[in-house]
Amino acid sequence: NNAERAWGLDPTNTSSNNPIVTPLDAGGSFSYTRRDPALTGLGYTVWTSAELLLWTEDTLDVQNAGTPDAQGVETVVVTLNPAMMIYSTLFYRVRARD
């Protein structure tokens, strides 16, 4: 339940199961939901992989958080480091940690 709350999901609703709002587009952007870090104390980082074996933190990504709603959930638009867009296949994930 705490993991779902960290991503701004509703643990009492089975259809609330994916924080990714928009998938990765050709320009290297996607968006996800999260609970406001000021409420959770968590940090959120983006990691990429070309083959799902070796994951590298994208320290040059840009994350722009929107205004949190009444429950403290915000949508974050992420633009990956443009150097990552050279791969024909690219996987990404967002990690939350304290």
Side-chain angles (χ1 to χ4, degrees):
N1 287 346
N2 284 336
E4 289 183 80
R5 286 188 181 97
W7 296 108
L9 303 173
D10 180 356
T12 65
N13 181 345
T14 58
S15 66
S16 177
N17 58 18
N18 189 354
I20 301 298
V21 177
T22 57
L24 186 65
D25 64 24
S29 294
F30 69 94
S31 61
Y32 70 94
T33 60
R34 69 180 183 197
R35 189 155 319 277
D36 184 346
L39 300 174
T40 64
L42 297 174
Y44 297 82
T45 55
V46 175
W47 294 70
T48 60
S49 175
E51 75 298 295
L52 293 174
L53 296 175
L54 177 65
W55 288 88
T56 305
E57 182 178 358
D58 185 352
T59 58
L60 297 177
D61 70 322
V62 176
Q63 296 192 46
N64 293 308
T67 303
D69 66 14
Q71 289 76 40
V73 177
E74 57 192 15
T75 298
V76 180
V77 177
V78 177
T79 303
L80 298 178
N81 173 1
M84 296 292 104
M85 300 312 294
I86 63 168
Y87 300 103
S88 59
T89 302
L90 183 66
F91 302 92
Y92 63 95
R93 64 183 176 192
V94 183
R95 289 185 181 171
R97 68 171 81 186
D98 48 8

Quiz item: Got a second to check how far D98's CG is from L42's CG, nearest 0.5 Å?
Solution: 6.0 Å
Self-check item: Closest non-hydrogen atom pair between V78 and Q63, with its separation
Solution: CG2-CG, 3.8 Å
Quiz item: Hey, is the main chain of P19 close enough, under 3.5 Å, to the side chain of R34 for a donor-acceptor pair?
Solution: no
Exercise. Calculate, to the nearest 0.5 Å, the distance between atoms CZ and OG1 belonging to R97 and T45 respectively.
Key: 5.5 Å
Quiz item: Is the backbone of T59 close enough, under 3.5 Å, to the side chain of E57 for a donor and an acceptor to pair up by distance?
Solution: no
Practice problem: Measure the CD-CG distance between E74 and N64 for me, rounded to the nearest 0.5 Å. | Solution: 11.0 Å
Practice problem: Check A50 against Y87 and note the closest heavy-atom contact, atom names and distance. | Solution: CB-CD2, 3.8 Å
Quiz item: Minimum heavy-atom separation for S49 to L53, with atom names?
Solution: OG-N, 3.7 Å
Quiz item: Between R95 and W7, what is the shortest heavy-atom contact and its length?
Solution: C-CH2, 4.1 Å
Quiz item: Does V77 share a hydrophobic cluster with I20, counting links as ILVMFWY side-chain heavy atoms below 4.5 Å and allowing steps through other members?
Solution: no
Quiz item: From L80 CG over to L90 CG, what is the distance, rounded to the nearest 0.5 angstrom?
Solution: 6.5 Å
Quiz item: With no hydrogens and no angle check, is any side-chain donor or acceptor of D58 less than 3.5 Å from a backbone partner on V46?
Solution: no
Practice problem: Please check if W47 and L52 belong to a single hydrophobic cluster, counting links between Ile, Leu, Val, Met, Phe, Trp and Tyr side chain heavy atoms closer than 4.5 Å. | Solution: yes
Quiz item: When rounded to the nearest 0.5 angstrom, what distance separates CG in D10 from CG in N17?
Solution: 11.0 Å
Quiz item: Do the rings of Y32 and Y44 sit parallel, tilted or perpendicular, given the 30° and 60° boundaries?
Solution: tilted
Practice problem: For V73 and R35, work out which heavy atoms get closest and say how close. | Solution: CG2-NH1, 3.6 Å
Quiz item: Is there a side-chain contact between V21 and T33 (heavy atoms, below 4.5 Å)?
Solution: yes
Quiz item: Shortest non-hydrogen contact from T22 to F30?
Solution: O-CB, 3.2 Å
Quiz item: Rounded to the nearest 0.5 Å, how far does CG of L60 lie from OG1 of T79?
Solution: 12.5 Å
Exercise. Flag the pair F91 / L24 as yes when at least one side-chain heavy-atom distance between them is below 4.5 Å, and no otherwise.
Key: no
